[in-house]
J.: 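Take a look at this one; I'll ask things after.
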Amino acid sequence: QVRLVESGGGLVQAGGSLRLSCAESGRTFSFYAMGWFRQAPGKEREFVAGISGSGGGTYYADSVKGRFTISRDNAKKSVYLQMNSLKPEDTAIYSCATKRGSQIDPSYLRYAYWGQGTQVTVSS
């Protein structure tokens, strides 16, 4: 059974940085694309960033491009989201997810397994 566990959320002031981690267990990690999604209160879940199975391809939402960086360490079966220049509008619950297949996809419907989420709060 695939299990994803996120860590690294917290409270930070605007302009600050956080690094989220997501560890997977249960299957061959390097075969599959990973994504980070977020959901703020009263809003729909939105795609933040994705990375291909090999790590050679990445894709970002326009709202985070240039500020966030997704990476993965297949030996550690982990994916990371480095978030810099954080803004109050980045406040949300951030979840990592994995899909069948190695290609990135921004649609949350394509992702089969999800972590429990970690809260990120950015104060102004």
Side-chain angles (χ1 to χ4, degrees):
Q1 183 174 350
V2 178
R3 184 168 181 246
L4 301 172
V5 179
E6 300 101 335
S7 60
L11 173 64
V12 64
Q13 288 189 331
S17 299
L18 283 174
R19 187 186 191 224
L20 305 183
S21 300
C22 173
E24 179 181 313
S25 60
R27 64 176 184 176
T28 306
F29 181 71
S30 61
F31 287 178
Y32 306 103
M34 301 290 295
W36 284 97
F37 293 79
R38 66 187 182 186
Q39 187 165 22
K43 294 188 177 181
E44 293 188 354
R45 181 184 298 171
E46 66 170 337
F47 172 82
V48 176
I51 189 165
S52 64
S54 68
T58 57
Y59 183 68
Y60 297 91
D62 287 342
S63 58
V64 307
K65 203 173 293 183
R67 300 187 298 123
F68 291 10
T69 302
I70 189 171
S71 61
R72 66 191 295 160
D73 184 334
N74 286 344
K76 295 183 178 179
K77 300 183 73 172
S78 294
V79 63
Y80 309 98
L81 186 68
Q82 177 66 44
M83 304 185 294
N84 298 329
S85 302
L86 282 160
K87 305 174 181 180
E89 52 263 44
D90 294 318
T91 295
I93 295 174
Y94 285 70
S95 300
C96 67
T98 184
K99 60 184 289 290
R100 298 179 180 92
S102 62
Q103 294 184 330
I104 304 165
D105 195 308
S107 171
Y108 73 89
L109 297 174
R110 301 292 186 184
Y111 290 77
Y113 304 101
W114 293 80
Q116 82 286 355
T118 185
Q119 177 70 48
V120 171
T121 303
V122 184
S123 62
S124 57

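None of the values given here were measured: they were computed from a predicted structure.
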J.: Should Arg67 and Asp90 count as side-chain neighbours, where that means a heavy-atom distance under 4.5 Å?
T.: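 In short, these two side chains touch, coming nearer than 4.5 Å.
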J.: Atom CZ of Arg72 and atom NZ of Lys77: how far apart are they, to the nearest 0.5 Å?
T.: 11.0 Å
J.: With a cut-off of 3.5 Å and sequence neighbours excluded, list every side-chain donor-acceptor pair involving residues 100-107.
T.:
from	atom 1	to	atom 2	distance (Å)
Asp105	OD1	Ser107	N	2.8
Ser107	OG	Leu109	N	3.3

J.: In the structure I gave you, are the side-chain heavy atoms of Val122 and Val120 within less than 4.5 Å of one another anywhere?
T.: yes
J.: What distance do Leu4 atom CG and Gln116 atom CD have between them, rounded to the nearest 0.5 Å?
T.: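 Going from CG on Leu4 over to CD on Gln116, the span is 9.0 Å.
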J.: Under the side chain to side chain contact (heavy atoms under 4.5 Å, CB included) rule, what do Leu11 and Gln119 come out as? Steps first, then yes or no, please.
T.: CA-CA 8 Å; Leu11 173 64; Gln119 177 70 48; over 6 Å; no
J.: Please answer: with hydrophobic residues joined when any side-chain heavy atoms are less than 4.5 Å apart, are Val48 and Tyr113 in the same cluster?
T.: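 Same cluster: Val48 reaches Tyr113 through Ile, Leu, Val, Met, Phe, Trp or Tyr contacts under 4.5 Å.
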J.: Tell me whether the centres of the aromatic rings in Trp114 and Phe37 are closer together than 6.0 Å.
T.: yes
J.: Output the distance between atom SG (Cys96) and atom CD1 (Ile51), rounded to the nearest 0.5 Å.
T.: 12.5 Å
J.: Determine, using the 4.5 Å side-chain heavy-atom cutoff (strictly less than), whether Tyr80 and Tyr60 are members of one ILVMFWY cluster.
T.: no
J.: Is there a continuous path of hydrophobic side-chain contacts, each under 4.5 Å between heavy atoms, that joins Ile93 to Leu86?
T.: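 No, it is not one cluster - the side chains of Ile93 and Leu86 are not joined through contacts under 4.5 Å.
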J.: Looking at every non-hydrogen atom in both residues, tell me the closest pair between Gly117 and Ser95 and how far apart they are.
T.: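 Looking at all heavy atoms of both residues, the shortest contact is CA-OG, 3.5 Å.
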J.: Give the table of side-chain donor-acceptor pairs shorter than 3.5 Å for residues 16-26, with sequence neighbours excluded, one pair per line with atom names and distance.
T.:
from	atom 1	to	atom 2	distance (Å)
Ser17	OG	Asn84	OD1	2.9
Glu24	OE2	Arg27	NE	3.1

J.: Could you tell me the separation between the OG atom of Ser124 and the CD atom of Gln13, rounded to the nearest 0.5 Å?
T.: 9.5 Å
J.: May I ask you to list the residues sharing a hydrophobic cluster with Tyr32, side-chain cutoff 4.5 Å, ordered by chain and number?
T.: Phe31
J.: Does NZ belonging to Lys43 count more than 12 external heavy atoms closer than 6.0 Å?
T.: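 Not more than 12 within 6.0 Å, no.
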J.: Where the side chain of Thr98 meets the backbone of Ala33, is there a donor-acceptor pair that is under 3.5 Å apart?
T.: yes
J.: Exactly one of Glu46, Glu44, Glu6 should register a salt bridge (charged side-chain N to carboxylate O under 4.0 Å, His left out) with Arg38. Which one does?
T.: Glu46
J.: Got a second to check how far Leu81's CG is from Met34's CE, nearest 0.5 Å?
T.: 11.5 Å
